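This report refers to the structure that appears directly beneath it.
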Amino acid sequence: MFENISSNGIYKNLFDGNWIESKTKNTIETHSPYDESLIGKIQAVSKDEVDEIFKNSRAAQKKWSDTPINERASIMRKAADILDDNAEYLAKVLSNEIAKDINSALSEVKRTADFIRYTANEGTHMEGEAISSDNFPGSKKGKISLVERVPLGVVLAISPFNYPVNLSASKVAPALIAGNSVVLKPPTVGAISALHLAEVFNAAGLPAGVLNTITGRGSEIGDYLITHEAVNLINFTGSSAVGKHISKIAGMIPVVLELGGKDAAIVLEDANLSAAANSIVSGAYGYSGQRCTAVKRVLVMDSVADKLVSLVKEKVKELKVGKPSENVTITPLIDNKAADYVQTLIDDAINKGATLVVGNKREKNLIYPTLFDNVTEDMRIAWEEPFGPVLPIIRVKSIDEAIDLSNRSEYGLQAAVFTENMHDAFYIANKLEVGTVQVNNKPERGPDHFPFLGTKSSGMGTQGVRYSIEAMTRHKSIVLNI
Ligand code: NAP
Ligand code: G3H
């Protein structure tokens with residue numbers, strides 16, 4: 001069913017219901033992070049074409065917002081079914097393009113179908129309210145404010161390479177059910193997977209122009225998109241550096257940002273250490289650590305540190321490394337630049353005296369799972385986000401020291417606390433400056449109807465099905481004077 005989106009390995013953009021090539025004929029090659037083979041070429045859209053696309057999106061939005069919500073929801077449920085029906089195929093496309101292990105790729109696609117379906121249903125249950133004037137001191141009866149939520153207009157959705165299907169859909173679906181049109185700018189590496197998602201919505205019967213795509217390097221067309229006068233909301237997921245840049249230049253266009261993290265797993269003396277070790281290893285090394293919510297540091301009480309390190313070490317040694325198409329956890333990072341950066345953090349930790357427990361082995365962009373003990377505050381790995389399979393363990397002497405270390409990070413996405421004592425868990429959770437605290441589990445985004453947010457350099461605004469729909473609508477009040 002995806003034959004229209006490409007010809008001869010050249011992928012097109014969805015514009016006004018049709019798949020088209022850029023008039024400039026400029027393309028960008030995408031190569032496999034695993035073996036460097038050519039995966040395909042995507043369009044590098046020009047600024048003139050961007051103008052035309054936004055004009056089309058704006059016109060399409062007017063009709064879409066007049067379409068009854070139950071009809072919008074039906075189209076979205078159909079899209080979810082198409083995604084489910086093609087899950088195996090799409091998982092292969094995804095796994096090939098971003099070197100995500102095939103099991104995680106399949107789970108990303110299926111989760112996305114569930115997300116779209118749930119969002120369609122949630123949208124049909126969003127209701128407004130009526131507020132009476134005499135609630136306010138001194139006011140009489142006789143006025144009623146009818147408050148409903150209306151769409152914002154054109155949503156610019158920008159997604160990252162690590163979840164190109166799910167983190168595109170997590171913007172597109174809530175925007176659509178709310179009555180917005182969407183311009184999707186997918187990551188350059190990951191675009192082919194995201195274009196397949198766009199075709200899923202197109203095939204489900206989404207009216208022409210309600211979802212358009214724009215491919216091209218963010219460094220070249222990003223600023224033009226962000227500052228475009230047709231944009232009514234920017235919904236961005238990616239690095240904190242790009243997110244902050246967007247926030248600076250966006251002016252009065254509302255922005256929702258999901259950015260980087262340095263999530264801490266805090267392990268107390270009474271924790272079930274075996275369960276904590278399992279959770280920490282799957283949290284730190286899944287998809288080679290390329291998750292915003294990966295465990296990116298462990299803060300463990302000195303008294304149980306030896307035991308925890310030994311349990312984590314055994315689990316890390318069991319991790320399978322290799323081909324994305326096989327049942328493995330560790331695959332090559334997205335590119336050599338990413339691997340070079342991770343290597344600088346590893347080298348810095350070794351030079352400053354951290355204990356290398358496992359790892360520090362590299363083949364091009366493949367970094368083997370690496371574990372450090374006795375990491376100290378002067379090491380970069382204590383503070384920076386590697387976005388790779390490297391985990392630093394920092395030993396602490398008290399709960400308050402763990403809280404202080406966690407809070408001194410520039411990031412504030414999530415944190416985990418492992419303990420059997422709920423009083424300690426709540427004490428810590430209340431003091432951590434993060435969006436979410438997980439008690440006895442690794443940090444993670446899902447289930448996707450939970451609120452998902454970051455503080456400080458980790459983001460702005462709240463996502464999660466209902467919260468995303470709210471973020472992509474505004475209140476409209478009509479006052480009835482009786
Ligand atoms: P990135 O380099 O910031 O890129 C993200 C997206 O922004 C891509 O589509 C990119 O396009 C585009 N972009 C780049 N420069 C732009 C500009 N000036 N204007 C507009 N768009 C621009 O991030 P990434 O490497 O793909 O993703 C990894 C980062 O994302 C990590 O820091 C991770 O923690 C974070 N992340 C956060 C969450 C969360 O929910 N908090 C989820 C996933 C990832 P190109 O690909 O064309 O450059
Ligand atoms: O990379 C960021 C994703 O939003 C994290 O999702 O916790 O399900 O891996 P996840």
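Remember, it's 1-based here, ligands and their atoms both numbered in the order they're listed. Below, all heavy atoms of this structure are taken into account, side chains as well, without hydrogens, waters or symmetry copies. Here the structure is a predicted model, which is why all the values come from computation and not from measurement.
- Atoms of ligand 1 lying under 4.0 Å from any heavy atom of R445, numbered from 1 in the order shown and given with element: 40 (O).
- Atoms of ligand 1 found under 4.0 Å from any heavy atom of G216, numbered from 1 in the order shown, are 47 (O).
- Not a single N or O atom of Q290, backbone or side chain, sits closer than 3.5 Å to an N or O atom of ligand 2.
- Note that atom 4 (O) of ligand 1 has no protein non-hydrogen atoms nearby, at separations under 4.0 angstrom.
- Summarising the contacts of atom 35 (C) of ligand 1 with A294, G238, P164, S168, the nearest heavy atom is found in G238.
- You'll find the side chain of M126 stays beyond 4.5 Å of the side chain of T473, heavy atoms only.
- Each of the atoms 8 (C), 9 (O), 46 (O) of ligand 1 lies under 4.0 Å from some heavy atom of P187.
- The shortest distance between side-chain heavy atoms of S159 and T237 does not fall below 4.5 Å.
- The closest approach between any non-hydrogen atom of F161 and ligand 1 is below 4.0 Å.
- Considering backbone and side-chain N/O of S159, one or more are found under 3.5 Å from N/O of ligand 1.
- Polar contact check, T237 against ligand 1: no nitrogen or oxygen pair lies under 3.5 Å apart.
- In terms of polar-atom proximity, defined here as any N/O pair under 3.5 Å, K296 makes no such contact with ligand 1.
- Around the NZ atom of K352, the shell of radius 6.0 Å holds more than 12 heavy atoms that belong to other residues, nucleotides or ligands.
- Scanning the protein heavy atoms around atom 3 (C) of ligand 2, the nearest turns out to be C292 SG, 3.2 Å.
- Remark: distances from the non-hydrogen atoms of Q290 to ligand 1 are all 4.0 Å or more.
- Taking distance alone, with nitrogen or oxygen atoms compared against 3.5 Å, I226 stays at or beyond that limit from ligand 1.
- Considering only non-hydrogen protein atoms, atom 48 (O) of ligand 1 sits nearest to G218 N, 3.8 Å.
- A search for ring-ring contact (aromatic ring centres under 6.0 Å, His included) contacts involving H31 returns nothing, not counting sequence neighbours.
- Every atom of ligand 2 is numbered from 1 in the order shown, and the set under 4.0 Å from a heavy atom of Y163 is 1 (O), 3 (C), 5 (C), 6 (O), 8 (O), 9 (O), 10 (P).
- Few gaps surround NZ on K456; more than 12 heavy atoms of other groups in view lie less than 6.0 Å from it.
- The distance from ligand 1 to the heavy atoms of H245 drops below 4.0 Å at these ligand atoms: 18 (N).
- Of all protein heavy atoms, the one closest to atom 4 (O) of ligand 2 is R445 NH1, 2.8 Å.
- Ranking protein heavy atoms by distance to atom 8 (O) of ligand 2, first place goes to R111 NH1, 2.7 Å.
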Item to complete: Step by step, work out the salt bridge (charged side-chain N to carboxylate O under 4.0 Å, His left out) result for D340 and R362.
Response: CA-CA 10 Å; D340 287 345; R362 176 179 176 185; 2.6 Å; yes

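- Not one N or O of L167 is nearer than 3.5 Å to an N or O of ligand 1, by distance alone.
- Between P186 and T215 the shortest side-chain heavy-atom distance falls below 4.5 Å.
- Between I158 and ligand 1, not a single N/O pair is under 3.5 Å apart.
- For N26, there are no side chain to side chain donor-acceptor pair (under 3.5 Å) partners, not counting sequence neighbours.
- Distances below 4.0 Å separate heavy atoms of T188 from the following atoms of ligand 1: 45 (P), 46 (O), 47 (O).
- With a heavy-atom cut-off of 4.0 Å, Y287 does not touch ligand 2 at all.
- Annotation for ligand 2: atoms under 4.0 Å from non-hydrogen atoms of T293 are 5 (C), 6 (O), 7 (O), 9 (O), 10 (P).
- A donor-acceptor pair shorter than 3.5 Å cannot be found between the side chains of R217 and S219.
- When non-hydrogen atoms are compared, ligand 2 lies under 4.0 Å from neither the backbone nor the side chain of T237.
- Heavy atoms of A338 come nearer than 4.0 angstrom to ligand 1 in no pair at all.
- Between the side chains of N212 and N56, at least one donor N or O sits under 3.5 Å from an acceptor N or O.
- Ligand-side atoms of ligand 2 in range of E444: 7 (O), range being under 4.0 angstrom from any heavy atom.
- Remark: ligand 1 and R217 share no N or O pair separated by less than 3.5 Å (distance only, no angle test).
- Within the listing of ligand 1, atoms 17 (C), 19 (N), 20 (C) sit less than 4.0 angstrom from a heavy atom of G222.
- Distances between N or O atoms of S458 and those of ligand 1 include no value under 3.5 Å.
- With atom 41 (N) of ligand 1 as the reference point, the heavy atom nearest to it among L259, V242, T227, I28 is part of L259.
- Heavy-atom proximity to P186, at under 4.0 Å, picks out these atoms of ligand 1: 9 (O).
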